[in-house]
Structures are given as structure tokens and as C-alpha cells.
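These notes concern the structure reproduced below.
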There are 2 protein chains.
Amino acid sequence: MKTVKVYITLKQGVLDPQGKAVQESLNKLGFPEVHGARVGRFLELQVDEHADIDRQIKEMCAKLLANPVIEDYQYTIEEGVAQ
Amino acid sequence: MKTVKVYITLKQGVLDPQGKAVQESLNKLGFPEVHGARVGRFLELQVDEHADIDRQIKEMCAKLLANPVIEDYQYTIEEGVAQ
């Protein structure tokens, strides 16, 4: 079994109102040193050993996990099951 | 300027219906090798250089970014502005 960690972020240039709200809230809460925030998604998948796991993950991202029009994704593959 | 990446995940044992839905959808889409999925959040913050940046980030997480009752968080601090 492998643990696949997928990080999905908005592409550069795509407006991120949620991130803007986080930044403004942090500023108001007493953290004026925060100058920008972008919000993304983080997925942890438990996947069987597979000969072509890279291709499978790219297909999963294209079909379901990420929106290729406005989002980028990165992933890491780790041995074993995450804690 | 530093880039702080914050990964927020549900604690072990906390039910994750969104993750369950992702797993079932992947299974139906032709990926039976996926045996589990957990969904979390991923934040990228641009933060001014700060003497006590670790303490600041923990405070941000406790006050706004994460729900300490059901969520765990991890973070990394990187030099410069993320692409």
C-alpha cells in the first residue's frame, strides 16, 4: 500500500477570494505581516501498489480531483499508510 | 519575505464524509485500487521576515486557520515568494 499526497492549488493569476478573505482576517486578528494567502486542497489517498501509479494519479486528477482549467496539482508517493 | 505552507488535516478517527465520497467516486471511475481518501486544506501564506515566525504561525492556526478540536496541522517555511 502506498500513500499518495496530492496538493491542489489555483493557478497563478486566478483570483482567490477565499485566500483574500483569509489574509484580511489574519491582518485584522493582529498579523499585519501576512501579505498574501492562497487556499488549496490537500488529499491523502491510500492506493494499492501499482506498476503505473504515476499515470493512474494523473488520470485521477484529470477526471475528478482537480479542475485543469484553473488548478495545478502536485503529488508525492510514499511507502506505507500515513499516520 | 517567506512562504509558509500550512497543511490542515482531520485528526485520525474523525469521520471524513468528503474523503469517503472521493474514494467511492474514484472506485466508480475505474480506480478500484484506491482504498481510502482523506481531504484536507492547503494554505500558502506570504509572510514578512519575523523573528518569531514559528510562534506567529501557531497562533494563526489556533485563532483562524485550523479547528484544534478535530484538525491537525503541519507547516513548512520557505525562503522567498512561491511561484
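By convention in this document, chain letters (A, B, ...) are assigned in the order of the sequence lines, proteins followed by strands, and residues within each chain are numbered from 1.
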Problem set entry | B/Gln18 atom CD, neighbour heavy-atom count above 12 within 6.0 Å | no
Seminar exercise, completed: Correct closest heavy-atom pair for B/Val34 and A/Met60 would be CG2-CE, 3.5 Å
Problem set entry | Selection from B/His35, B/Lys63, B/Glu49 maximising heavy-atom pairs under 4.5 Å formed with chain A | B/His35
Problem set entry | Segment of B/Glu59 engaging chain A (4.5 angstrom heavy-atom cut-off) | both
For this session: Look at A/Leu65, A/Leu45, A/Val4 and state which one has the largest set of heavy-atom pairs under 4.5 Å with chain B.
Result: A/Leu45
For this session: Give a yes or no on whether B/Val14 and B/Tyr73 share a hydrophobic cluster (residues Ile, Leu, Val, Met, Phe, Trp, Tyr; joining criterion: side-chain heavy atoms under 4.5 Å apart).
Result: no
Problem set entry | Hphob cluster co-occupancy, A/Leu10 + A/Val69, side-chain heavy atoms under 4.5 angstrom | yes
Exercise. More than 12 foreign heavy atoms under 6.0 Å from NZ of B/Lys11: is that the case here?
Worked result: yes
Exercise. Quick one: of B/Arg41, B/Met1, B/Gln23, B/Lys2, who has the most non-hydrogen atom pairs under 4.5 Å with chain A?
Worked result: B/Arg41
Exercise. Which atom names give the shortest non-hydrogen contact between A/Val22 and B/Leu64, and what distance separates them?
Worked result: O-CD2, 4.0 Å
For this session: Determine the option with the most heavy-atom pairs under 4.5 angstrom with chain A, choosing from B/Leu26, B/Val39, B/Thr9.
Result: B/Leu26
Exercise. Could you state the interatomic distance from CD1 (A/Ile57) to CZ (B/Phe31), rounded to the nearest 0.5 Å?
Worked result: 10.0 Å
Problem set entry | Heavy-atom proximity to chain A below 4.5 Å, by part of B/Ile53 | neither
For this session: Answer whether the closest heavy-atom distance between the side chains of A/Leu43 and B/Arg38 falls below 4.5 Å.
Result: no
Exercise. Do the non-hydrogen side-chain atoms of B/Ile8 and A/Phe42 ever get within less than 4.5 Å of each other?
Worked result: no
